[in-house]
Amino acid sequence: MWFKNLKLYRLASSWNLTAEKLDELLSKEAFVSAGAAAPQSVGWVPVREEDARFAYSVGRQILCSYRTEKKLLPASVINQFVKVRALELEEQQGFKPGRKQMRDLKEEVTNTLLPRAFSLQKDTRIWIDPVNHWVAMDTASTAKAEELLSALGKAIYPFPVEPIQVNLSPSAAMTSWIASEQPPANFTIDQDAELRAGGDQAAVVRYVKHTLELEDIQKHINSGKQCTRLALTWNDKISFVLTENLDIKRIAAQDILDQPDHQMAANEAEKFDSDFTLMCAEFNLLASGLLDALDEKRIAQAA
């Protein structure tokens, strides 16, 4: 159940909701499939099928899950049917359909095909940490993160969350780390990186599973490029890719999940709780270490 990505936000110290109250609020916005004629349905679902809670808590850590159901109806299929209908209409009226008629035809065809389209459901998990003041989303998409924040704000108004702000930009920091070969304490540099020049037609150099040779790196930096993506490992436990937007992607736990004390769970429920507890503890340390290195502005904590 470990997250593969982290979109991090700061939970303000004004947060005072219990997991029980949060569960009640999210249940009012529960997911309900809108049926065959709807292109999309959204809402909150229980984190585990065996547990009815919308706000799943272990200790003071909370996990929530937001579901999106979309109909798979490719534009090429719609356009194919619209073309056939347009030809039929042209024969009936003696002239080609105008713009408004084509828009109406497209809407008509879409509504006709939707009940026959396949549905795709995707759940995105959100971790809320009232102890260390995190809100973390398992997504690499800014648009999805904004959708989730909007959904949280609809269920919990106002939702006390702030974007993370740092004094040292991730790009400047990563460039410094690879140029000096000195990452922050407890972090090591791996073999994936991207360096990008400024301007509209920016030159890009990517290293994929390739040793970052200092001489080559320095040449690129001297030519005006900055590091925009860098693979790192925290404390020999968690590997990830950091981006210039402070996104944490491609998270991979190392051997910490194979430790004997972690494998002693008696059943699936215990293993899930153990995984969640371990993930929260390790992610908190990773995020804290990373933001310390970037000199975080702790504005949210004064809220």
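Values below: every heavy atom of this structure, side chains too, minus hydrogens, waters and symmetry copies. Fair warning: this is a prediction, and the values are worked out from it, not measured in the lab.
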Q) Is a side-chain donor or acceptor of Q254 paired with a backbone partner of A252 at a separation under 3.5 angstrom? A) yes

Q) Taking atom CD1 of I156 and atom CG of L26, what is their separation to the nearest 0.5 Å? A) 5.5 Å

Q) Do D273 and Y56 meet the criterion of a side-chain donor-acceptor pair at a distance under 3.5 Å? A) yes

Q: Spell out, as yes or no, whether a donor-acceptor pair under 3.5 Å connects the side chain of R10 to the backbone of H133.
A: yes

Q: Please check if the side chain of T175 supplies one atom and the backbone of C227 the other of a donor-acceptor pair under 3.5 Å.
A: yes

Q | Verdict with supporting geometry, D192 and R250, salt bridge (Lys or Arg N to Asp or Glu O under 4.0 Å) | A | CA-CA 11 Å; D192 286 26; R250 289 168 40 190; 2.9 Å; yes

Q: Answer with yes or no whether the side chains of T233 and S239 bring together a donor and an acceptor at under 3.5 Å.
A: yes

Q) Are more than 12 heavy atoms from other residues, nucleotides or ligands located less than 6.0 Å from atom CZ of F81? A) no

Q) What's the verdict on salt bridge (Lys or Arg N to Asp or Glu O under 4.0 Å) for K271 and E268, showing C-alpha distance, side-chain angles and the deciding distance? A) CA-CA 5 Å; K271 187 174 188 306; E268 285 301 315; over 6 Å; no

**Q.** Trace of the side chain to side chain contact (heavy atoms under 4.5 Å, CB included) decision for T124 with T68
**A.** CA-CA 8 Å; T124 305; T68 301; 5.9 Å; no

Q. Closest heavy-atom contact between E270 and N267?
A. N-OD1, 2.8 Å

Q) Who are the side chain to side chain donor-acceptor pair (under 3.5 Å) partners of E88, not counting sequence neighbours? A) R85

Q.
Ring centres under 6.0 Å, that's the criterion: do F283 and W2 meet it?
A. yes

Q: State, with a plain yes or no, whether a side-chain heavy atom of T18 is found less than 4.5 Å away from one of D23.
A: no

Q) Is the backbone N or O of G98 less than 3.5 Å from a side-chain atom of Q101, with the two atoms forming a donor-acceptor pair by type? A) yes

**Q.** Q182-W177 side chain donor-acceptor pair, cut-off 3.5 Å
**A.** no

Q. Between Y66 and W44, does the ring centroid distance fall short of 6.0 Å?
A. yes

**Q.** Pair E24 + K21, salt bridge at N-O below 4.0 Å
**A.** yes

(Q) With salt bridge (charged side-chain N to carboxylate O under 4.0 Å, His left out) as the rule and sequence neighbours excluded, what pairs involving residues 236-249 come up? (A) K7-D247, K237-E282

Q) Is there a side chain to side chain contact (heavy atoms under 4.5 Å, CB included) between M174 and L242 once you walk through the steps? A) CA-CA 9 Å; M174 291 187 291; L242 177 65; 3.9 Å; yes

Q.
Counting only heavy atoms not in E49 (residues, nucleotides, ligands), do more than 12 fall under 6.0 Å from its CD?
A. no

Q. Under the side chain to side chain contact (heavy atoms under 4.5 Å, CB included) criterion, do D216 and Y207 qualify, and how do the steps go?
A. CA-CA 11 Å; D216 291 341; Y207 292 83; 3.8 Å; yes

Q. Are side-chain N/O atoms of T139 and K4 paired as donor and acceptor at under 3.5 Å?
A. no

Q) CD of E108: more than 12 outside heavy atoms within 6.0 angstrom? A) yes

**Q.** Within 6.0 angstrom of K144 NZ, more than 12 heavy atoms from elsewhere
**A.** yes

**Q.** Over all atoms of both residues, closest heavy-atom pair of A287 and L8
**A.** CB-CD1, 3.9 Å

Q: Check whether any side-chain N or O of Q93 sits under 3.5 Å from a backbone N or O of F95 as a donor-acceptor pair, and report yes or no.
A: yes

Q. Which atom pair, heavy atoms only, marks the closest approach of Q226 to A172?
A. NE2-CA, 4.1 Å

Q | Heavy atoms of other groups near Q121 CD, more than 12 under 6.0 Å | A | yes

Q) Hey, are the side chains of L195 and I217 touching, using non-hydrogen atoms and a 4.5 Å cut-off? A) yes

Q) Taking all atoms of both residues into account, what is the closest heavy-atom pair of L214 and A179, and its distance? A) CD1-O, 3.1 Å

(Q) Checking the side chain of D138 only, and the main-chain atoms of N5 only, is there a donor and an acceptor separated by less than 3.5 Å? (A) yes

Q: Could you give me the CA-CA distance, side-chain angles and deciding distance for L286 and I248, then say whether side chain to side chain contact (heavy atoms under 4.5 Å, CB included) is met?
A: CA-CA 10 Å; L286 184 158; I248 299 173; 4.1 Å; yes

Q. Distance from E20 atom CD to S57 atom OG, nearest 0.5 Å?
A. 6.0 Å

Q.
Ignoring hydrogens, what is the shortest heavy-atom contact between G153 and F159? Give both atom names and the distance.
A. CA-CB, 4.1 Å

**Q.** Ring-face cation contact, F3 with R125, 6.0 Å cut, 45° max
**A.** no

**Q.** Any side-chain heavy-atom pair of Y9 and L149 under 4.5 Å
**A.** yes

Q.
Check this for me, if you would: do E194 and R196 make a salt bridge, where the nitrogen-to-carboxylate-oxygen distance has to be below 4.0 angstrom?
A. yes

Q.
Whether the N284 and W134 side chains hold a donor-acceptor pair (N or O, under 3.5 Å, no angle test) is what I'd like checked.
A. yes

Q. Where the side chain of S150 meets the backbone of E146, is there a donor-acceptor pair that is under 3.5 Å apart?
A. no

Q: State whether a side-chain donor-acceptor pair under 3.5 Å links Q191 with T211.
A: yes

